[in-house]
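Starting off with a structure, shown below.
Residue numbering restarts at 1 for every chain, and letters A, B, ... go by the order of the sequence lines.
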Number of protein chains: 2
Amino acid sequence: MQLSADAPTRWPQARVPPSPPHHRTAPPPAPRAADGGVPPHAIVLDALQPIGTAARVRRGRQIFAEGEPAAHWYWLASGAVQVCSFAEDGKRHVAELVLPGDLFGLEACARRGATAEAARDAVVVSYPRARAEALVDADPRLARAFREVACGRLHHAQACLLRLGRTSALARVASFLLEMGERCRRAADGAVDVPVTRDDIADYLGLTSETVSRALTELRRRGAIALPARQSIHLADRAAIASAKDAGR
Amino acid sequence: MQLSADAPTRWPQARVPPSPPHHRTAPPPAPRAADGGVPPHAIVLDALQPIGTAARVRRGRQIFAEGEPAAHWYWLASGAVQVCSFAEDGKRHVAELVLPGDLFGLEACARRGATAEAARDAVVVSYPRARAEALVDADPRLARAFREVACGRLHHAQACLLRLGRTSALARVASFLLEMGERCRRAADGAVDVPVTRDDIADYLGLTSETVSRALTELRRRGAIALPARQSIHLADRAAIASAKDAGR
DNA sequence: CGTGACTTTGATTGGCCTCAAAAGCGGTGG
DNA sequence: CCACCGCTTTTGAGGCCAATCAAAGTCACG
């Protein structure tokens with residue numbers, strides 16, 4: 001496993017983030033109270049918690065690669081991870097942007113369908129899949145929560161498909177900003193910390209980094225956002241961002 | 001439920017396609033022999049079979065709509081169905097193209113994330129979700145197969161993301177043809193029956209119908225395909241199609 | 001045989017990619 | 001503290017691909 005290969009930062013299990021902060025992750029069809037109001041994401045996390053092992057992953061390092069046997073499930077404690085696929089000619093596409101608190105790599109098939117790499121230095125908790133699936137097998141309530149999480153993933157992917165297939169560059173960037181506004185922690189001043197480069201954003205949105213940059217400049221010109229620092233974006237006027245998102249292709 | 005509203009073609013259960021022909025559906029990470037070589041798709045189908053009810057759906061009619069409670073799971077016996085989402089301005093995107101033999105609408109969340117409508121007159125088998133989930137809860141082997149099916153869906157969606165985000169119109173159409181070549185039944189002469197219009201293909205690939213038409217014309221000009229009839233495409237030279245697919249933007 | 005839906009083809013426009021270079025930012029070492 | 005270097009971001013100019021608008025052609029069906 002690449003995890004331990006990096007820096008064998010294998011924390012004692014007691015140090016694994018306990019019942020982790022389920023502060024976020026609310027895919028459009030909000031985490032329904034399938035279970036007394038506890039979101040499915042949290043149910044799965046709580047169940048997996050005892051078998052987790054944390055490790056540091058440096059920026060740019062792979063966590064798993066397409067085609068590999070899927071031996072673990074993962075939870076991101078800090079940093080950022082992207083799940084990406086590659087075209088024959090090497091062009092990259094980021095299928096999923098994983099933020100702190102998110103589960104990822106939850107394959108139920110034998111092999112990985114995509115590659116995961118750290119977009120920033122990250123701390124990742126891994127769960128041996130055999131043990132994790134045994135837990136899920138043993139508890140239908142947990143299995144159901146897991147299905148809900150997977151369902152949310154698919155909904156999100158379908159929303160991304162609509163975005164890629166049918167919207168302009170400006171609308172995609174606006175939509176991305178609103179997404180990050182909901183999914184990211186804020187700084188004190190309300191600015192959103194976007195933990196990825198323009199290139200990463202471009203690969204997520206099916207654009208080039210130049211086009212992303214131009215779109216951000218345009219939104220700033222309109223007063224919709226401010227760009228106080230490299231990877232910090234202040235969503236000054238959400239209505240303006242939303243209208244840029246909806247102004248069709 | 002819209003199904004019965006159409007024509008109450010509620011076949012006696014005996015007439016529900018028995019252990020259905022699992023002739024197809026092989027997402028890239030092929031249906032792994034998780035269970036003695038039986039693909040997960042077939043395990044799920046066999047388990048659901050006793051609680052299915054068939055109904056006809058006329059072309060253009062909805063099967064379910066975004067936002068509705070997800071009360072059923074579905075299997076397509078014949079015809080074609082598309083699962084689609086809509087942008088604010090009404091633009092449509094086809095997230096999933098459902099062909100005979102496929103399961104669809106397998107939501108685990110409370111509400112539908114997208115709309116399903118018949119692209120051709122279809123026969124659809126529906127399974128009450130409460131009963132279906134109870135079956136899945138009762139059998140971990142089945143639950144696992146279900147997870148594998150869901151995982152295949154996500155892989156497919158991610159492949160579509162790469163296609164939308166990073167390839168030219170010609171490459172998308174070529175890729176679509178190869179996909180249909182694997183997923184569709186063939187006519188006697190080997191021609192693929194594509195059960196959707198150019199508009200539908202365009203909405204699936206994030207293009208316009210004119211562009212799809214031009215791409216098909218170009219592939220025909222190259223001798224890669226022949227277009228014997230309206231919705232029939234003969235994949236004459238797969239290598240040529242594959243090279244069009246890979247010749248990147 | 002007429003009608004309507006679908007498909008193909010053509011001409012034009014515009015948006016995004018490409019290539020190129022300058023500017024900003026963060027680190028390191030003198 | 002400042003000079004330097006690498007990396008990221010921004011800005012610019014030009015070209016190409018696909019959308020758009022428009023019209024002719026094809027097919028199924030009543």
Next item on the list: Describe the nucleic acid contact of B:Arg59 in one word from base, sugar-phosphate, nothing, applying a heavy-atom distance below 4.0 Å.
Entry: sugar-phosphate
Next item on the list: Could you check which residues of residues 222-233 of chain A get a heavy atom under 4.0 Å from DNA chain C? Sort them by number, please.
Entry: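 Listed by number, they are A:Arg230.
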Determine all donor-acceptor pairs shorter than 3.5 Å in which one atom belongs to a side chain in residues 77-86 of chain A; sequence neighbours excluded.
from    : atom 1 : to       : atom 2 : distance (Å)
A:Gln82 : NE2    : A:Asp200 : OD1    : 3.1

Margin query: For a 4.5 angstrom cut-off between non-hydrogen side-chain atoms, does B:Trp73 reach B:Leu103?
Written below: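 Of all side-chain heavy-atom pairs linking B:Leu103 with B:Trp73, none is under 4.5 Å.
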Check: What parts of residues 205-219 of chain A reach DNA chain C, counting only heavy atoms under 4.0 Å away?
Finding: A:Gly206, A:Leu207, A:Thr208, A:Glu210, A:Thr211, A:Arg214
Check: Of all of residues 164-175 of chain B, which get a heavy atom below 4.0 angstrom from DNA chain D, listed by number?
Finding: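 Under 4.0 Å from DNA chain D: B:Ser168, B:Ala169.
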Next item on the list: To the nearest Å, give me how far apart CZ (A:Arg120) and C1' (C:dG26) are.
Entry: 12 Å
Item checked: Atom pair distance, as rounded to whole Å: CZ in B:Arg198 and P in D:dA18 ->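 Distance check: B:Arg198 CZ to D:dA18 P gives 18 Å.
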Next item on the list: Could you tell me the separation between the CG atom of B:Asp200 and the C1' atom of C:dC6, rounded to a whole number of Å?
Entry: 11 Å
Next item on the list: Indicate yes or no: at least one non-hydrogen side-chain atom of A:Leu177 is less than 4.5 angstrom from one of A:Lys245.
Entry: no
Notebook entry, point to check: Considering only heavy atoms from C-beta outward, does the side chain of B:Cys151 approach that of A:Arg153 to under 4.5 Å?
Noted result: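 Result no, sub-4.5 Å side-chain heavy-atom pair not found.
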Note to self: Contact between A:Val123 and A:Val57 at the side-chain level, heavy atoms closer than 4.5 Å - yes or no?
What the structure shows: no
Item checked: Listed once per pair and sorted, the salt bridge (Lys or Arg N to Asp or Glu O under 4.0 Å) pairs that draw on residues 221-240 of chain A, sequence neighbours left out ->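 Only A:Glu218-A:Arg221, A:Glu218-A:Arg222 qualify under salt bridge (Lys or Arg N to Asp or Glu O under 4.0 Å).
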Item checked: A:Asp203 CG to D:dT9 P, straight-line distance once rounded to whole Å -> 12 Å
Checklist line | A:Arg61 bridged to A:Glu117 by N-O distance under 4.0 Å | finding: no
Note to self: Rounding to an integer number of Å, can you tell me how far A:Ile201 CD1 sits from C:dC16 C1'?
What the structure shows: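 The answer, rounded to whole Å, is 17 Å.
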Next item on the list: Determine whether A:His93 and B:Arg163 make a side-chain contact, defined as any pair of heavy atoms from C-beta on separated by less than 4.5 Å.
Entry: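 No, side chains not in contact.
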Margin query: Counting C-beta onward and ignoring hydrogens, is there a side-chain heavy-atom pair between A:Cys184 and A:Val192 closer than 4.5 Å?
Written below: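 With C-beta onward as the side chain, the pair touches.
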Check: According to the salt bridge (Lys or Arg N to Asp or Glu O under 4.0 Å) rule, which pairs have a member within residues 81-90 of chain A, sequence neighbours left out?
Finding: A:Asp89-A:Lys91
Notebook entry, point to check: Is any side-chain heavy atom of A:Leu99 less than 4.5 Å from a side-chain heavy atom of A:Asp102?
Noted result: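 In short, these two side chains touch, coming nearer than 4.5 Å.
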